[in-house]
Amino acid sequence: MGFLWFFLFSFTFTLSNSIPDSAILLSFKNSIFGDPLNLLSTWNSSSTHCSWYGVKCADFSDKVTSLSLPDNGFSGEIPAVIGDLKFLEVLQLQANNFSGQIPVQISSLPSLTVLNLSFNSFSGSIPDKLIGSGGLKVVDLSNNLLSGRISVDGGCEFLTHLRLSSNFLTGNIPPEIGNCKNLRTLLLDYNLLQGKIPAEIGRITELRVLDVSRNSLTDVIPNDIANCKKLSALVLTNLMDFGLDENTSSMDSFRGEFNAFDLGVPFELFFHSSLQVLWAPRANLRGRLPVQWSEFCSLRVLNLGQNYFDGVIPENIVMCKNLTFLDLSSNNLSGYLPWQLHVPCMTYLNISRNNISGNIQSYNRKGSCDGTMISYGLASSSVDMDNSWVESAYTSLPFWGSKAGLMMDESFAIVHDLSWNSFTGLLPVFFVADQLLESNIKLSYRLLLNNNMFNGSSRRELISDCGKLQSASVNLSENKIEGGMGKNFLYCLQLIEFEAAYNRIEGSIDPGIGNLTMLERLDFRGNRLSGTLPNQLGKLKNLTWISLAENNLSGEIPPELGQLASLKVLDLSHNSLTGSIPASLTDASNLETLLLSHNRLFGEIPSSFSLLPHLAVLDLSFNDLSGPIPSLQHQTNCSSYRGNERLHDKCPFSALSPESPSYPYKIQRGRNLKPVIIAAATSAFSLLCMVAVAVIICQLRRKKVKRPGTLKGKVVVTFADAPNELNYDNVVRATGNFSLRNLIGRGGFGSTYKAELVPGHHVAVKKLYIGRFQGIQQFDAEIRTLGRIRHKNLVTLMGYYAGENEMFLVYNYLSGGNLETFIHDKSGENEQWPVIYKITKSLDPSFSDYGNGFNIVEWTKMLIKEGRPSEVFSAELWETGPRENLLGMLRLAYACTEGTLSVRPSMKQILRLPYVGMR
């Protein structure tokens, strides 16, 4: 009895001497030095703390049970005294600017069940006993600056939701995570985790969502994951920067996907009874897709794009009747497209860049589509806190968005991409299932059939029920489509993009094109169109991009084109247009690129072009223009006016943009071989280098990239073979802070400096012009590709740095210079010409002593247009083949010589070409 009284006295004494919750909250307030909305002004002694903003207390008590202050712009640190709120159950401080370390005292809060500190700037490691111990059910520490390893403490029996996404966590995924058997969502994406996925995850019987993408995980995908019987979504890799906004730091948006798994996907996952989402693009997976699929297939979203799967698309995949998103692009698949595949029901189908062949059959309109949402693996009748956290986890995943077809809003677009394959026959009629068209929101539709072998002319509409769509985009470029540009091309008034370049379309342009008032992009380059340009083109007020180059169009340029206020790119080059350049083009005030070269235009260049504020690219070469050259707001070089003998001799830009010496286009045979060899050698070098790089990319597989050991300060990301001394400080020191005395070259994308990192170890550092890239993401895509390439004839990329205001690349240094320098520096030395001529012959076996101003690019273009592309190749190479790939490479190499950036293909487009992806 005495012991009981002693215990009660001690407990009462302890409570009476503990710090009041109000004092703890005021201490918390004092640690906040940023309160932009002045929300904590009510936190004072004039009122009870249970009524303060964001504070809740237990019934009939003054004990704080909830502190919820999300998205208020608070800044400061969480004080350790927070650990004295012994009755605190919910702590939600997400979407603020808190920094510093997470107080270890939070791990000791006995009543805490929900901890959400996401979207702040917390740093340091996660407290050792935070995950798994106590009664914590929900832990969300995502989108911070946390580092160190993940540790799981205790039995972990209460934890249901764990999100650690977008931090800098390192080490392995702890196998102890398998003890958290009630875990429903496990999100570890966007970290620096290494090693393999632990098989112990298969013991988490309640798991619904698992995301391990954007890490550096390797090894095989464990079969044990299939033991998670309630698993609904599995994300192994992710190429989409979903959820990033203007507030995301450049480093966050720059971190890419480094997971590279061995072998393929365990077949057990394909046949999993609950798995609805399997997302693993560019995961280094290989093998074949399972042959046998059953009607119990639950998959709705399957993304295996950019892997190494071969074989065929199995016929039985049509048993997955709920499949609405299918991405098998950029693999090695062949065979035929299963004719019973429910394409009209798919909101996203991408089988591009494979070698799938045959005709595309007409689709069955009577098939039904399942339009239900993903179930999350939850009972529909159960609505509680746990379910809301699972749904929240889904909305953060890459497939959840308009592209995947799971959320329909004004930006929703259905995509069917069958491009870059070997399909033949007539174009079938495509349509969107009635169940999708019956929704309250009008849908957009993108149909990509380019780079196949479709032939003949379509005698019917291409998209059925086009009038029910919000908009439509069609790409038929680079097929063998014949016939005229008739009603089949112009029937759909909802067209916003229509591309049919490099086909065999002939005849005149139908004046009915003026009815396509929604049209924004029109591309009929490289066809056989003739006749005049219709004045009705001036009605297309939304048009921003038009190319009718490389046809047989004649007549004058319609002045009505000046009415296109939105027009940015106009390409009418390589036709037979006559007359003068209409001065009304100046009214197209947003014009950025104007290409009118290789026509028969005459008269003066409109002086009003000098008023165009955005005109950056102008090419009027090889016409019959006369008079003065106007001074543009964005200076161009003199090559834009060559071939116009009656223009004034003095080019006003020659002092601003020096060129290599130009030579007459026509030279008598044998009169002067040197300029011919220089032009041919440099042109051949450019052309052949593009082919060589593309072939090398085909042959080399992904290599593991080393991750930075620390992310403090400015970090140089290094690849294989990089020296240990390669870091930001050493690069700046070795280049003398990019001093002119170390400058060894300049180019269109930046300046190159020689640097000695350590005695005897030289590197070349290319400091890039920020404005030449479309942001960090384009830079990421380009550089990660280059970093994986290793070849004896290519310089090795060792590393790179990407900051908001500075970017540079680090290569191995070659002391011998480049070919262009060798040719131009040595061209005056007679004894060097046999060597230069030998190099030229080795680059281009078809080169000979042409006396007509030979230029390999123009010569190649002429052969392509005249249907004689085989003459570009040596006889041995042409016979070896495959010829389709050789022709594809030729078109690619020629496209890469295009001087206009908006027309030239990007590296991303190049890498997706099927002949570049050959292995």
Side-chain angles (χ1 to χ4, degrees), residues 99-101 121-125 144-149 166-171 190-192 194 216 248-256 258 703-747 749-773 775-780 782-784 786-790 795-815:
S99 57
Q101 295 192 344
S121 297
F122 291 109
S123 57
S125 59
N144 280 286
L145 303 173
L146 298 170
S147 57
R149 293 177 175 269
S166 296
N167 281 287
F168 296 96
L169 300 172
T170 57
Y190 274 91
N191 279 288
L192 304 173
Q194 298 178 331
S216 293
T248 305
S249 72
S250 61
M251 196 61 180
D252 287 337
S253 62
F254 185 68
R255 288 153 58 186
F258 287 92
K703 294 190 177 181
K704 192 76 176 78
V705 181
K706 292 159 54 177
R707 302 298 296 270
T710 177
L711 286 171
K712 297 179 181 179
K714 297 183 176 181
V715 177
V716 174
V717 179
T718 58
F719 296 96
D721 306 327
N724 295 330
E725 295 80 9
L726 181 54
N727 57 51
Y728 182 87
D729 292 337
N730 284 345
V731 169
V732 173
R733 175 193 54 77
T735 59
N737 198 16
F738 300 101
S739 169
L740 283 175
R741 69 175 181 271
N742 294 316
L743 182 68
I744 58 176
R746 282 182 177 157
F749 286 88
S751 301
T752 304
Y753 301 81
K754 181 180 179 181
E756 188 174 16
L757 288 181
V758 293
H761 193 148
H762 291 89
V763 295
V765 182
K766 182 156 191 161
K767 190 173 184 181
L768 302 168
Y769 305 140
I770 298 292
R772 294 306 300 263
F773 292 91
I776 296 289
Q777 292 180 345
Q778 180 189 349
F779 181 80
D780 182 15
E782 303 280 346
I783 300 310
R784 293 198 187 286
L786 294 174
R788 294 186 175 96
I789 297 174
R790 295 291 182 269
V795 291
T796 301
L797 178 62
M798 296 179 174
Y800 61 89
Y801 169 74
E804 293 183 358
N805 301 310
E806 183 181 36
M807 295 180 184
F808 60 73
L809 311 175
V810 182
Y811 292 94
N812 63 324
Y813 175 73
L814 301 180
S815 59

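Here the structure is a predicted model, which is why all the values come from computation and not from measurement.
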Contact summary for T735 and Y753, nearest pair of heavy atoms: CG2-CB, 4.0 Å
Closest non-hydrogen atom pair, G124 against Q101: CA-NE2, 4.0 Å
Point-to-point distance, once rounded to the nearest 0.5 Å, from OG of S147 to CG of L192: 9.5 Å
Side-chain heavy-atom pair N812, M798 within 4.5 angstrom cut-off: yes
Over all atoms of both residues, closest heavy-atom pair of V810 and V731: CG2-CG2, 4.4 Å
Spatial distance of atom CE (M807) from atom NZ (K766) [nearest 0.5 Å]: 14.0 Å
Heavy-atom pair of closest approach, residues V765 and A755: CG2-CB, 4.1 Å
Inter-residue atom distance H761.NE2 - L726.CG, 0.5 Å rounding: 8.5 Å
Nearest heavy atoms of Y801 and V716, plus distance in Å: CB-CG2, 4.2 Å
R149 atom CZ, neighbour heavy-atom count above 12 within 6.0 Å: no
Y813 side, atom OH; E756 side, atom CD - distance, nearest 0.5 Å: 11.0 Å
Separation between CG of L145 and OG of S166, rounded to the nearest 0.5 Å: 10.5 Å
Shortest non-hydrogen contact from N144 toward N167: C-OD1, 2.9 Å
Any donor-acceptor N/O pair, R733 side chain to Y728 backbone, under 3.5 Å: no
Close side-chain approach of H762 and K754, heavy atoms under 4.5 Å: yes
Atom pair OG1 (T170) and CG (L146), whose distance is rounded to the nearest 0.5 Å: 11.5 Å
